[in-house]
Amino acid sequence: MHSNLFNQFFRIQTCLLTLLCCVFAGCVWVPTGHESAVVTRAQMQMGTVVKITAVARSESIAQGAATAGFAEIHRLEELLSTWIPTSELSRVNTSAGVMPVSVSPETMTVVQGAIQVAEMTNGGFNIAIGPVVDAWNVIENRRIPTESKLEDLRSLVNLNAVHTDAQKQTIYLEKTGMRIDVGGIGKGYAADQAVMAMKKAGAVAGVVALSGDIKTFGRLPGGRKFPVGIQHPRKEGEVLVFIDLEDEAISTAGDYERFFERDGVRYHHILDPRTLQPARSCQSVTVVAREGIWADGFDTGIFVMGVELGMQLVEALPDVEAIIVDHEGVVHVSSGLRDRIRKP
Ligand code: ADP
Ligand code: MG
């Protein structure tokens, strides 16, 4: 219920970041022109600033496409937000240990996608982490939960106790107290769906950016690909590298977005399901993939896996690339991206 994804504080923080630095948490979209059929609008959704750029034959079509993109994200927020008590995911969570809950195909897709990412990241990604996310509540409480409190929650962080029934379209959490949290994958999926809605509304190209979860389609008028800057994890407002995207998604998970420090130790919002502590092996992980659902799911999962296993996974997957900044600040770039990145 208290997922950080829709954290009020983060809304304000992201808003300020956007106004002051034009930085979207993980990535920056760089505007390149003022053609009449390019429309860019921003609004608060899913606990963050959502920026949509639509390219179309006419301004009215571009405006309509942007509106369709925002409407789609709003629809998904109503399904997936754990801050909305009536959302499907909230109902799944409150019915834990009681009964299966009927869900829409979209909720099913996100949860089943999350389970696939969990399998591929050796459990680094785990949406059953919900109760532990709440125990840390990194931004609001700035408290370090006791070891015994965390150990009490351990049995709830069990993906085998998350049952999805594709035929009946239901999700059932087996144990009372379990909670699933799609904060690590939902925004990427929302970007995918918003792009579909924009295409349907007549856009020929565009960008949907939910904070650091970005999906692009087509090219800018004039033929340029969409340039995106990746945030430096230790230099606020500074770009680490630029990359040009076409029909691709990019997503960044970082330890610099939502964190507090105590005695020189950084406590942040990406948790290692094994230790139940903030994951320590990276500063940031950026993933480029065809779909936002995979880029977003993998950025969080690989952050937990660390650079060695994470890069092995990326190199084994077609159409998935990554830039990993390890815990010492060393930048690792997957083979498929080395020729594509530009230094600022
Ligand atoms: P954001 O773009 O909102 O920063 P990330 O993709 O970096 O999101 O994912 C972080 C969010 O995912 C956390 O706020 C929490 O809700 C959730 N989360 C934290 N640790 C894990 C994990 N190991 N597996 C899955 N989800 C996680
Ligand atoms: Mg993620």
Side-chain angles (χ1 to χ4, degrees), residues 1-7 9-11 13-14 17 23-27 45-50 80-83 89 93 110-111 113-140 153 157-159 162 179-191 209-214 230-231 233 249-259 267-289 291-306 310 320 322:
M1 214 74 44
H2 298 284
S3 162
N4 278 336
L5 176 63
F6 303 102
N7 182 294
F9 181 93
F10 186 49
R11 286 175 191 216
Q13 194 194 38
T14 309
L17 263 180
V23 170
F24 284 82
C27 309
Q45 286 181 311
M46 287 194 166
T48 195
V49 178
V50 178
L80 299 171
S81 168
T82 47
W83 283 93
L89 216 58
N93 286 342
V110 174
V111 171
I115 292 170
Q116 276 186 50
V117 174
E119 283 163 4
M120 295 171 86
T121 58
N122 298 333
F125 191 72
N126 185 340
I127 54 167
I129 198 89
V132 186
V133 171
D134 291 349
W136 278 93
N137 199 357
V138 166
I139 288 301
E140 273 177 11
L153 300 174
V157 187
N158 179 5
L159 263 193
V162 176
R179 275 196 297 281
I180 49 180
D181 173 347
V182 299
I185 193 168
K187 285 187 288 179
Y189 176 71
L210 294 90
S211 185
D213 295 298
I214 299 175
I230 296 164
Q231 166 70 47
I250 190 166
S251 181
T252 298
D255 70 359
Y256 54 87
E257 290 168 18
R258 282 170 272 166
F259 72 96
Y267 296 92
H268 62 90
H269 71 303
I270 300 164
L271 302 173
D272 185 331
R274 283 156 294 205
T275 61
L276 308 182
Q277 298 283 325
R280 294 274 166 233
S281 45
C282 301
Q283 294 179 357
S284 79
V285 173
T286 299
V287 174
V288 177
E291 304 294 335
I293 187 172
W294 305 124
D296 194 7
F298 280 122
D299 70 2
T300 314
I302 290 171
F303 193 105
V304 174
M305 290 175 97
V320 177

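Both counts, for ligands and for their atoms, begin at 1 and track the order of listing. None of these values were measured; they are calculated from a predicted model.
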With a 4.5 Å heavy-atom cut-off, do [X] and [Y] have their side chains touching?
| X | Y | value |
| --- | --- | --- |
| Val117 | Thr300 | no |
| Phe298 | Thr121 | yes |
| Thr48 | Lys187 | yes |
| Ser284 | Asp255 | no |
| Thr252 | Val285 | no |
| Asn122 | Met305 | yes |
| Gln231 | Tyr256 | yes |

So which of [options] actually passes side chain to side chain contact (heavy atoms under 4.5 Å, CB included) with [X]?
| X | options | value |
| --- | --- | --- |
| Ile185 | Ile293, Asp299, Leu80, Asp213 | Ile293 |
| Ile129 | Asp272, Ile270, Leu153, Val157 | Val157 |
| Ile180 | Leu159, Val110, Asn126, Ile127 | Ile127 |

Original post:
When you measure from the side chain of Asp181 to the backbone N and O of Gly130, does any donor-acceptor pair fall under 3.5 Å?
Top reply: no

Original post:
With distance as the sole test, does Trp136 use its side chain to make a donor-acceptor pair with the main-chain N or O of Leu276 at under 3.5 Å?
Top reply: yes

**OP:** Everything protein-side that's N, O or S and under 2.8 Å from the Mg ion (ligand 2): list it, residue and atom.
**Re:** Gly184 O, Asp296 O, Asp296 OD1, Asp299 OD1, Thr300 OG1

May I ask you to check if ligand 1 and [X] share an N or O to N or O distance below 3.5 Å?
| X | answer |
| --- | --- |
| Thr252 | no |
| Thr300 | yes |
| Gly254 | no |
| Gly124 | yes |
| Ile129 | no |

[X]: numbered ligand 1 atoms lying under 4.0 Å from its heavy atoms:
| X | result |
| --- | --- |
| Glu257 | 1 (P), 4 (O) |
| Asn126 | 22 (C), 24 (N), 25 (C) |
| Ala253 | 7 (O) |
| Asp296 | 6 (O) |
| Lys187 | 1 (P), 2 (O), 3 (O) |
| Asp181 | 15 (C), 16 (O) |

Subject >> Partner set under ring pair (Phe, Tyr, Trp, His ring centres under 6.0 Å) for Phe303, not counting sequence neighbours >> reply: His268

Under 4.0 Å from ligand 1, counting heavy atoms only, is it the side chain of [X], its backbone, both or neither?
| X | answer |
| --- | --- |
| Asp213 | side chain |
| Pro273 | side chain |
| Asp299 | side chain |

**OP:** From atom 23 (N) of ligand 1, work out which of Leu271, Ile180, Leu210 has a heavy atom at the shortest distance.
**Re:** Leu271

Original post:
Which is closest to atom 26 (N) of ligand 1 in terms of heavy atoms, Trp136, Phe125, Tyr256?
Top reply: Phe125

Subject >> Basic-acidic side-chain contact under 4.0 Å: Arg179, Asp134 >> reply: yes

**OP:** Say whether Gly130 and ligand 1 are in contact under the criterion: heavy-atom distance to a ligand atom below 4.0 Å.
**Re:** no

